[in-house]
Amino acid sequence: AAKEDVHRRIKVFEPMMLYSRQLRRETARELRRAVLDEELFLEYQPVVDLESGRLQGVEALVRWNHPRRGVVMPDDFIPLAEETGLIVGIGRWVMRAALEQLERWRPLLASEEDFLLRVNLAALELQSLDLVDFVRDSLRATGTKPGELVLEITESALLSGGDVETYSLRSLQALGVGLEIDDFGTGYSSISYLRRLPVDTVKVDRSLIADIAGDDGQLRFVDAVHNLIRAAGLEAVFEGIETAEQAEQLRKMGCCSGQGYYFSRPIPASQITVLLQEGRTLPEAPVVLPEAAV
Ligand code: C2E
Ligand code: MG
Ligand code: MG
Ligand code: MG
């Protein structure tokens, strides 16, 4: 592990120190082209009913198939996209592609608004004056009901609190689109906004549940967070569920929705299609843990 660490550090350290500016400029140029050249693609991670394992929907997650570097993950280009403003174009591509995919899944869906499509929205997108028009037009163009779309927005983006952001949020809510606080518990904000913001759901960050299986104190804390969310009249979704134990603890708390590697990693649309076609529940097969693991 130590060896890996050193490796990783050198790989990141060197270019950052020596070529940071140049590299960033070049990457920004490539990213600008990526949308036009269709180098971006989406994967979808299932959100499941913790009780039954039934698919409640998916979160669309963008990836960049770079011609030389291979697949680049969002943490390695979304920040740059935000700084350069490219996120607005990328976000629009994501929204359209995801809605079109939802319509391709349509014949496989049980009923309307039974399957939710989640799309991440960056702070800068909320500041864009025509976001609401764009979302409305996209829904109309694809024939998607507003209630089938949930926009995931981080705490910091939600709380930037400018006039345009507030207008965007209120208008999106009036349109009937679902709004969700993403990565809840990682910001530094006051909890009073849970009752003030026009949101419907809260996605609890994975850092909060990482230790619940082995730490009673943390378990009680997460239980309290869950109750707080419910007391604010909101629904909770737990992300980053990696083990059967975590899923079980959350289920015992009465939590209904979850997402994480335990159920499924983000996967191509074609694999979601198979899950829907066969009406499968997740995780695919019960994970049998050996008696004395480790
Ligand atoms: P996020 O919205 O919080 O998405 C969840 C991230 O956690 C995804 O990483 C997902 O693959 C990962 N994840 C899911 N389950 C587990 C788990 O059990 N364990 C662990 N360790 N990780 C898990 P990904 O796809 O690399 O995306 C990272 C972040 O990039 C996202 O975090 C989101 O903030 C951003 N992002 C991704 N796609 C978009 C997009 O289309 N637009 C915008 N604005 N941001 C995006
Ligand atoms: Mg998200
Ligand atoms: Mg998140
Ligand atoms: Mg995150």
Side-chain angles (χ1 to χ4, degrees), residues 31 34-35 39-48 50 57-65 71-102 116-128 131 134-135 138 149-158 160 168 178-187 199 201-213 236-247 249-250 257-269 271-272 282-283 287:
L31 193 51
V35 180
E39 288 169 11
L40 300 180
F41 66 98
L42 295 177
E43 286 192 317
Y44 298 87
Q45 188 177 32
V47 174
V48 306
L50 291 179
V58 291
E59 176 177 6
L61 295 159
V62 70
R63 283 91 178 79
W64 177 13
N65 192 6
V71 175
V72 185
M73 297 304 276
D75 284 336
D76 293 325
F77 68 90
I78 292 289
L80 182 67
E82 291 186 293
E83 286 166 43
T84 53
L86 292 169
I87 190 66
V88 175
I90 292 173
R92 289 182 185 197
W93 179 85
V94 168
M95 178 93 62
R96 282 307 268 264
L99 286 171
E100 281 164 13
Q101 181 57 58
L102 177 63
L116 301 182
L117 173 68
R118 293 180 142 82
V119 173
N120 292 283
L121 210 64
L124 204 64
E125 294 180 82
L126 267 187
Q127 288 165 27
S128 149
L131 171 73
F134 175 77
V135 173
S138 301
L149 177 66
V150 177
L151 300 177
E152 301 195 353
I153 312 168
T154 59
E155 288 174 81
S156 52
L158 279 166
S160 44
S168 298
L179 298 176
E180 176 170 275
I181 303 174
D182 201 355
D183 300 345
F184 180 73
T186 56
V199 296
T201 49
V202 176
K203 195 178 267 185
V204 179
D205 194 69
R206 70 184 150 95
S207 57
L208 263 78
I209 64 150
D211 293 331
I212 53 169
V237 180
F238 287 81
E239 73 175 353
I241 301 172
E242 293 185 346
T243 67
E245 288 85 350
Q246 288 172 326
Q249 295 290 8
L250 291 168
S257 301
Q259 179 182 1
Y261 293 170
Y262 170 63
F263 297 104
S264 167
R265 290 189 173 253
I267 51 181
Q271 288 184 38
I272 298 287
L282 294 168
V287 179

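Hydrogens, waters and symmetry mates play no part in the numbers below; they use all other heavy atoms, side chains included. Each ligand, and each atom within it, is numbered from 1 in the order the structure gives.
Residues R206 and T186 have side chains that never bring a donor and an acceptor to within less than 3.5 angstrom of each other.
Closest heavy-atom approach to atom 15 (N) of ligand 1 within the set E239, Q45, E43: this belongs to Q45. Remark: among candidates Y261, F77, F238, the nearest residue to atom 22 (N) of ligand 1 is Y261, based on non-hydrogen atoms.
Results of the side chain to side chain donor-acceptor pair (under 3.5 Å) test with Q259 over Q45, E239, R118 single out Q45 as the only residue that passes. Of the options V94, V58, L61, a side chain to side chain contact (heavy atoms under 4.5 Å, CB included) to L42 is made by V94 and by none of the others.
Neither the backbone nor the side chain of D205 has any atom closer than 4.0 Å to an atom of ligand 1 (non-hydrogen atoms only). Residue-level proximity to ligand 1 for D183 is carried by the side chain, the only part with a heavy atom below 4.0 angstrom. If you look at I90 next to ligand 1, there are no close heavy atoms at all, none under 4.0 Å.
Where the criterion is an N or O separation shorter than 3.5 Å, residue side chain and backbone included, L61 fails it with respect to ligand 1. Polar contact with ligand 1: present for N120 (N/O pair, distance under 3.5 Å).
Taking a cut-off of under 4.0 Å to the non-hydrogen atoms of E242, the atoms of ligand 1 that pass are 17 (C), 18 (O), 19 (N), 20 (C), 21 (N). The ligand atoms of ligand 1 that sit less than 4.0 angstrom from a heavy atom of P74 are 24 (P), 25 (O), 26 (O), 27 (O), 28 (C), 30 (O), 36 (N), 37 (C). Of all atoms in ligand 1, numbered sequentially from 1 with element shown, those under 4.0 Å from a heavy atom of A122 are 44 (N). The distance from ligand 1 to the heavy atoms of V62 drops below 4.0 Å at these ligand atoms: 38 (N), 39 (C), 40 (C), 41 (O). Of all atoms in ligand 1, listed by their number and element, those nearer than 4.0 Å to a heavy atom of D75 are 28 (C), 29 (C), 30 (O). If you number the atoms of ligand 1 from 1 as listed, the ones under 4.0 Å from a heavy atom of G240 come out as 16 (C), 17 (C), 18 (O). Below 4.0 Å from some heavy atom of I87 lie the following atoms of ligand 1, by number and element: 44 (N).
Here the Mg ion (ligand 3) is the vertex; the OD1 atom in D183 and the OE1 atom in E239 give an angle of 140° (to 10°). Put simply, the angle at the Mg ion (ligand 2) from OE1 in E152 to OE2 in E59 is close to 90°, to the nearest 10°.
Without hydrogens or angle criteria, E155 side chain to G185 main chain gives a donor-acceptor distance under 3.5 Å. Judged by distance alone, the side chain of S168 and the main-chain N or O of L126 form a donor-acceptor pair under 3.5 Å. Panel note: side chain Q246, backbone E242; a donor-acceptor pair is recorded below 3.5 Å. With hydrogens and angles ignored, the 3.5 Å screen pairs no side-chain donor or acceptor of E100 with any backbone N or O of A97.
Interatomic distance, L117 CG to E59 CD, rounded to the nearest 0.5 Å: 9.5 Å. Here the CD-CD distance, from Q271 to E43, works out to 8.5 Å after rounding to the nearest 0.5 Å. Taking CD1 of I241 as the reference point, atom CD1 of I212 lies at 7.5 Å (rounded to 0.5 Å). How far CZ of R92 is from CD1 of I87: 11.5 Å, rounded to the nearest 0.5 Å. Summarising the geometry, atom CG belonging to L158 is positioned 5.0 Å from atom CD1 belonging to I153; distances are rounded to the nearest 0.5 Å. Atom CD1 of I209 and atom CG of L250 lie 5.5 Å apart (nearest 0.5 Å).
At least one heavy atom of E59 sits closer than 4.0 Å to an atom of ligand 1. Residue contacts with ligand 1: P266 is included, with a non-hydrogen atom under 4.0 Å away. The shortest heavy-atom distance from R63 to ligand 1 is under 4.0 Å. Remark: distances from the non-hydrogen atoms of Q259 to ligand 1 are all 4.0 Å or more.
Checked against the Mg ion (ligand 2), the N, O or S atom of D182 at the shortest distance is OD2.
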